[in-house]
Asks: 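Pasting in a structure now, in structure tokens, and then I'll have a few things to ask.
Every chain is numbered from 1, with letters handed out A, B, ... down the list of sequences. Owing to the predicted nature of the structure, the values given are computational and were not obtained by experimental measurement. The figures here come from the full heavy-atom set of this structure, side chains too, leaving out hydrogens, waters and symmetry mates.
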Amino acid sequence: MSGYRLFPQTLVDGAKRIVEIPKRPTRIISLSPGITELLFSVGAGKQVVAVTTWCNYPEAVKSLPKVGDMNVNLELVVSLNPDLIVADGSLQPATAERLDKLGLPVFVINPKDIAGILDSLELLGRVTGNIDTSQDLVTELTQLLSKTRRRVESGPLAEKPVSVLVLFGTDQLYSAGRGTFLDQAITRAGGYNIAREAEGSWPLLSEEFVLAADPEVVLLTYGSPQDLASRPNWQGVAAVQNRQIHSIDPDRFSRPTARLIRGIPELYELFLAVRGQK
Amino acid sequence: MGAEKKNLYITVVLLLLPVVIIIAVATGPVRLPWPQTAAIIWTALTGGDLSRFGANSLIVFNLRLPRVLLSAAVGAALSVSGAAFQALFRNPLADPYVVGVSAGAALGATVAIGFGLAFAGSQVLATSILAFVGALGVSYLVYRISRGAGALSSLVLLLAGMAVSAFLSALISLIMVLESRNLSETVFWLMGGFTGRGWRELFLALPLIFAGTAGLWFLHKELNLLLLPEDEARSLGLNVARMKAVVLGLGSLLAAAAVAVSGLIGFVGLIVPHLVRLITGPDHRYLLVGSFLTGAVLLVPADLIARTWLAPLELPVGAITSLFGGPFFLYLLLKAKKEGRGF
């Protein structure tokens with residue numbers, strides 16, 4: 001490990017704050033499920049001592065102590081004596097302020113898009129002293145992305161992307177709007193997310209809009225495809241008629257992680273199959 | 001105020017109601033030509049073959065039409081209920097939610113959404129039923145508590161309603177925090193709206209709304225007497241305590257039916273009776289009919305705004321009614337003050 005030459009180091013984090021990292025951190029607390037996944041994928045898993053109650057991936061985090069959910073329990077944080085706290089953009093300013101006052105180093109990782117995930121992996125590799133692992137991973141994922149891009153651009157979906165509806169549940173039509181990671185993954189996989197036309201990140205869609213848009217495929221996070229297919233008025237929707245309602249793991253596709261990027265070629269294969277049926 | 005002007009007002013809103021309904025059914029996030037909308041409704045009502053219209057027939061007949069009619073029915077129910085409660089409490093601040101109907105409905109809905117309950121495979125239906133049960137249950141509870149304090153006093157009713165509501169709000173907050181995965185759905189329900197509501201909800205609510213309105217309409221003379229001091233009303237032969245219980249029951253039934261299918265829509269039940277009273281005066285013969293029609297005429301366009309303003313995003317209609325209702329109410333208030341009239 002190139003660790004001892006790396007530290008101490010001064011880095012600019014995702015919230016544009018300057019953070020001093022005196023030595024390789026060995027007691028890291030992650031404050032978001034996405035950050036936890038990123039830390040483990042750059043090989044810093046053994047340095048993580050606590051996570052949030054929502055962190056469920058990889059399997060190893062389930063046995064780690066939890067320090068809260070979106071509300072962080074500061075007493076627990078302090079009692080674990082961390083040398084680095086990694087948070088994402090959802091870190092509440094009030095919490096950040098208190099952590100600062102307690103002299104606990106906070107590093108913010110805030111990827112906004114899929115390219116940002118690669119930057120975050122690289123940055124986390126530096127901060128945690130795992131540069132080799134993180135660079136290998138970034139190289140692999142970059143190649144995966146450009147390979148998928150070439151396939152989409154030269155494939156049958158280039159002219160007319162597959163129209164996709166993301167749904168969080170089968171009763172109310174909550175979807176993933178423009179700019180969300182799901183939306184970006186769908187676009188990169190040769191799909192067109194119909195909820196892009198609505199305002200907001202997690203819009204409640206108008207049912208008549210969905211029926212008129214007639215999506216070819218539905219990606220469903222919660223609830224059963226049968227429930228959605230048996231919904232009154234939906235019998236004529238292309239995705240229902242062609243049995244193209246697919247359950248996806250919401251955690252995998254809403255967190256900015258390596259497995260999200262690995263899911264993009266899988267979505268592309270799915271979209272190809274949807275078209276193949278026609 | 002002459003009977004002519006009152007009758008004129010009733011006639012105007014009566015004619016306005018079909019106009020706003022037609023405009024609302026013809027307008028939506030998906031643009032459809034008016035003749036086609038009319039043809040779809042005609043074909044559906046005459047039992048013709050809808051298949052040549054494709055998905056558009058679903059949009060007009062299964063989504064828009066029932067939703068527009070439901071918003072009219074809910075607007076009417078909340079307004080009549082508000083008028084009845086304002087008479088019962090002789091208090092201009094009373095609204096359909098004053099005896100805890102809102103808190104009861106909210107608790108029922110929060111339980112259904114928070115714990116993901118379903119009835120006949122539908123969470124929406126389970127939410128409606130639990131909200132209705134919660135609303136009526138809590139208003140009955142408040143009534144029993146107040147009766148327990150001796151003769152039914154309006155003040156005790158009001159305070160008991162507030163206390164029970166505060167207690168239930170605490171429970172709601174707890175459920176929302178503990179089941180935070182469904183937080184946005186619960187919050188959206190609490191803001192009120194007609195998203196995803198259809199014929200089922202209309203058929204559930206309409207009989208209750210007609211029954212409650214008809215019941216209060218038969219009592220319009222007695223409601224007028226309730227506005228008098230109690231001993232005076234009693235000397236005119238009114239059984240005040242029984243009358244209060246009946247008005248409370250009918251008003252709560254209306255509010256519960258509305259809340260069960262639309263969530264908590266604010267302001268309509270408070271301002272519509274005031275608005276109508278400014279024109280027709282306090283006589284319930286006109287006030288109830290006027291409130292019924294005016295509530296319908298106002299809530300239909302409010303829901304139209306909710307579903308078209310930022311389409312295809314759906315907004316909660318409760319936010320629209322309060323957004324436009326608040327300033328409008330202040331305008332009425334200041335105007336009445338200036339002209340030396342009371343509310």
Asks: When rounded to the nearest 0.5 angstrom, what distance separates CG in A:D171 from CG in B:L125?
Replies: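 Here the interatomic distance stands at 9.5 Å.
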Asks: At a heavy-atom distance under 4.5 Å, which candidate from B:L315, B:N56, B:T195 has the highest pair count against chain A?
Replies: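 Winner by heavy-atom pair count: B:T195.
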Asks: Using heavy-atom distances under 4.5 Å, tell me whether B:R197 contacts chain A through its side chain, its backbone, both, or neither.
Replies: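 For B:R197, side-chain heavy atoms alone lie under 4.5 Å from chain A.
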Asks: Would you say the side-chain atoms of A:E208 pair up with the backbone N or O of B:V30, donor to acceptor, closer than 3.5 Å?
Replies: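 Yes; judged by distance alone, with no hydrogens or angles, the pair exists.
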Asks: Would you mind reporting whether B:R307 and A:S206 have side-chain heavy atoms less than 4.5 Å apart?
Replies: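 Not touching, per the 4.5 Å side-chain cut-off.
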Asks: Within a strict 4.5 Å, meaning less than it, do heavy atoms of the B:L63 and A:L211 side chains meet?
Replies: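 Sidechains of A:L211 and B:L63: in contact.
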Asks: To the nearest 0.5 angstrom, please state how far the CD atom of A:E207 sits from the CZ atom of B:R67.
Replies: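 One gets 9.5 Å once the value is rounded to the nearest 0.5 Å.
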Asks: Given that the side chain runs from C-beta out, which part of A:Y174 has a heavy atom under 4.5 Å from chain B: side chain, backbone, both or neither?
Replies: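 Contact with chain B: side chain only.
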Asks: Answer with side chain, backbone, both or neither: which region of A:W54 has an atom nearer than 4.5 Å to a non-hydrogen atom of chain B?
Replies: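 Only the side chain of A:W54 comes within 4.5 Å of chain B.
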Asks: Looking at every non-hydrogen atom in both residues, tell me the closest pair between B:L313 and A:P203 and how far apart they are.
Replies: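 Minimum heavy-atom separation between B:L313 and A:P203: CD1-CB, 3.3 Å.
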Asks: Should we say atom CZ of B:F119 is surrounded by more than 12 heavy atoms from elsewhere, each under 6.0 Å from it?
Replies: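 Atom CZ in B:F119 is not crowded, with 12 or fewer foreign heavy atoms closer than 6.0 Å.
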Asks: By a 4.5 Å heavy-atom criterion (distance strictly below it), what part of A:N233 contacts chain B: side chain, backbone, both, or neither?
Replies: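 Both backbone and side chain.
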Asks: Check the surroundings of atom OH in A:Y57: do more than 12 heavy atoms from other residues, nucleotides or ligands lie under 6.0 Å from it?
Replies: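 Result for OH/A:Y57: open.
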